[in-house]
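The structure appears right after this line, and notes come after that.
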Amino acid sequence: MRAFSNYNNVASYTDSIKLPAGAYKVRVIRAEEQSGKNNSCALCILFDIAEGEFANYYHQKFASEKKAYPNDVKYKGVYRLWYPVGNEYDETNERKMKTALERISESNNLTIDFTKEWDGAALKDCCIGMIFRDQEYDYRGSHGFSAQPYGLITLNDLKEGNFTIPEPKYLNNSSQVQQTNTGYTDITDNDDDDLPF
């Protein structure tokens with residue numbers, strides 16, 4: 001057999017770290033609007049886990065995937081709040097948007113008038129509590145669960161434990177299969193196609 005001259009310097013593949021469902025303190029990296037399908041538009045909040053065992057989870061995941069797939073990887077730490085577009089979901093979307101912005105403001109002592117145009121840069125480095133729930137996926141022959149952003153809570157509620165982790169979200173027509181702990185695959189969201197991150 002040939003000698004493997006670089007053997008001691010090469011990193012071996014390891015199992016992907018899986019983010020468990022739960023509540024975490026996250027830090028906002030950037031916030032901006034992004035257009036989607038059917039006239040939809042969302043406030044996209046780019047974030048990462050701020051502290052604890054899973055600190056910088058999304059940056060590390062992105063860096064790892066970028067090495068393996070340099071031309072086909074997107075940053076997965078994105079939380080979307082949808083703007084109203086004149087359909088039956090408008091009231092729900094408006095309430096979610098207002099609740100999220102109030103909780104971010106309260107947790108960071110912000111004094112932004114959200115009834116007027118405002119700069120997304122104002123949310124940079126803000127911290128907030130984020131709840132993640134397990135969501136079932138079936139993508140390119142791979143099946144399992146991954147933790148996905150579910151909602152925002154104030155930092156005080158996070159500290160005091162005033163939150164509930166929702167039940168897993170299953171695919172349509174799915175038998176509620178047992179969650180496995182092997183591997184980790186993100187759900188692909190086609191609305192992400194034009195995201196700059």
Side-chain angles (χ1 to χ4, degrees), residues 19-52 54-58 74-137 145-170 172 186-187 189-192 194-197:
L19 182 70
Y24 301 90
K25 180 179 179 180
V26 303
R27 176 173 284 106
V28 175
I29 299 166
R30 194 163 87 216
E32 63 183 52
E33 289 181 21
Q34 187 232 346
S35 297
K37 297 177 181 178
N38 303 321
N39 275 343
S40 64
C41 186
L43 169 60
C44 294
I45 299 175
L46 182 77
F47 68 89
D48 207 344
I49 309 293
E51 61 187 23
F54 297 97
N56 301 313
Y57 173 82
Y58 288 100
K74 294 184 184 296
Y75 188 87
K76 301 293 193 300
V78 181
Y79 183 70
R80 286 173 191 77
L81 296 164
W82 299 99
Y83 289 101
V85 292
N87 63 29
E88 68 271 23
Y89 303 109
D90 280 358
E91 183 179 351
T92 299
N93 290 338
E94 286 175 332
R95 291 184 70 188
K96 285 182 180 179
M97 175 87 71
K98 181 174 183 179
T99 301
L101 293 174
E102 283 180 344
R103 290 175 180 174
I104 293 172
S105 295
E106 179 182 336
S107 296
N108 297 275
N109 298 314
L110 299 180
T111 56
I112 300 171
D113 183 354
F114 292 111
T115 65
K116 300 177 181 175
E117 293 286 327
W118 59 283
D119 188 350
L123 300 188
K124 180 176 168 52
D125 292 327
C126 285
C127 289
I128 188 69
M130 184 175 286
I131 295 175
F132 291 77
R133 76 167 169 190
D134 279 332
Q135 189 166 318
E136 187 179 19
Y137 65 84
F145 287 80
S146 66
Q148 299 294 319
Y150 177 79
L152 302 181
I153 56 175
T154 64
L155 289 178
N156 188 60
D157 282 343
L158 178 66
K159 179 181 176 183
E160 299 295 324
N162 296 332
F163 57 85
T164 301
I165 306 303
E167 292 295 317
K169 180 179 180 183
Y170 296 91
N172 293 337
D186 281 300
I187 297 167
D189 183 345
N190 292 331
D191 286 343
D192 289 351
D194 297 325
L195 277 177
F197 37 78

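Interatomic distance, OG1 of Thr154 versus CD of Glu102, reported as 11.5 Å (0.5 Å rounding). Once rounded to the nearest 0.5 Å, the distance linking CG of Leu152 with CG of Asp157 reads 11.5 Å. Going from atom CD1 of Ile128 over to atom CD of Glu106 covers 8.0 Å, rounded to the nearest 0.5 Å. Here the straight-line distance linking atom OH of Tyr150 with atom OH of Tyr79 works out to 9.0 Å at 0.5 Å rounding. Atom CD1 in Ile45 sits 7.0 Å away from atom CG in Leu101 (nearest 0.5 Å). Remark: Phe54 CZ to Ile49 CD1 distance equals 9.0 Å, nearest 0.5 Å.
Taking all atoms of both residues into account, the shortest heavy-atom contact from Gly129 to Leu155 is N-CD2, 3.7 Å. Across every non-hydrogen atom of Phe47 and Pro149, the tightest pair is CZ-CG, 3.9 Å. Here the closest non-hydrogen pair linking Cys41 and Trp82 is O-CE3, 3.5 Å. Closest approach of Leu81 and Met97 over heavy atoms only: O-CE, 3.6 Å. Residue Ile104 comes nearest to Cys126 through the heavy atom pair CG2-CB, 4.2 Å, listed as atom of the first residue, atom of the second, then distance. For the residue pair Leu43 and Tyr83, the shortest heavy atom distance occurs at N-CE1, 3.5 Å.
Applying the ring pair (Phe, Tyr, Trp, His ring centres under 6.0 Å) rule to pairs touching residues 19-43 yields Tyr24-Phe132, sequence neighbours excluded.
Without hydrogens or angle criteria, Thr99 side chain to Lys96 main chain gives no donor-acceptor distance under 3.5 Å. At least one donor-acceptor pair under 3.5 Å links the side chain of Lys76 to the backbone N or O of Lys74. Here the side chain of Arg80 pairs no donor or acceptor atom with the backbone of Ala42 at under 3.5 angstrom. Checked by atom type and distance alone, the side chain of Asp113 pairs as donor or acceptor with a backbone atom of Thr115 at under 3.5 Å. A donor-acceptor pair is defined here as one N or O able to donate and one able to accept, closer than 3.5 Å; no such pair exists between the side chain of Asp134 and the backbone of Pro168. In this structure, the side chain of Asp48 engages the main chain of Tyr57 through a donor-acceptor pair within 3.5 Å. Distance alone, capped at 3.5 Å, places no donor-acceptor pair between the Asn108 side chain and the Ser105 backbone.
Within 6.0 Å of the CG atom in Asn38, the count of heavy atoms belonging to other residues, nucleotides or ligands does not exceed 12. Summarising the local packing, CD of Glu88 is surrounded by more than 12 heavy atoms from other residues, nucleotides or ligands at distances under 6.0 Å. For OH of Tyr89, the number of neighbouring non-hydrogen atoms (other residues, nucleotides, ligands) closer than 6.0 Å is 12 at most.
Defined by atom type and a distance below 3.5 Å, a donor-acceptor pair is missing between the side-chain atoms of Ser35 and Glu33.
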Subject >> Step-by-step side-chain contact (heavy atoms from CB on, under 4.5 Å) determination, Tyr58 to Leu19 >> reply: CA-CA 10 Å; Tyr58 288 100; Leu19 182 70; 3.7 Å; yes
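The side chain to side chain contact (heavy atoms under 4.5 Å, CB included) test applied to Glu160 returns Asn156, Asn162, not counting sequence neighbours.
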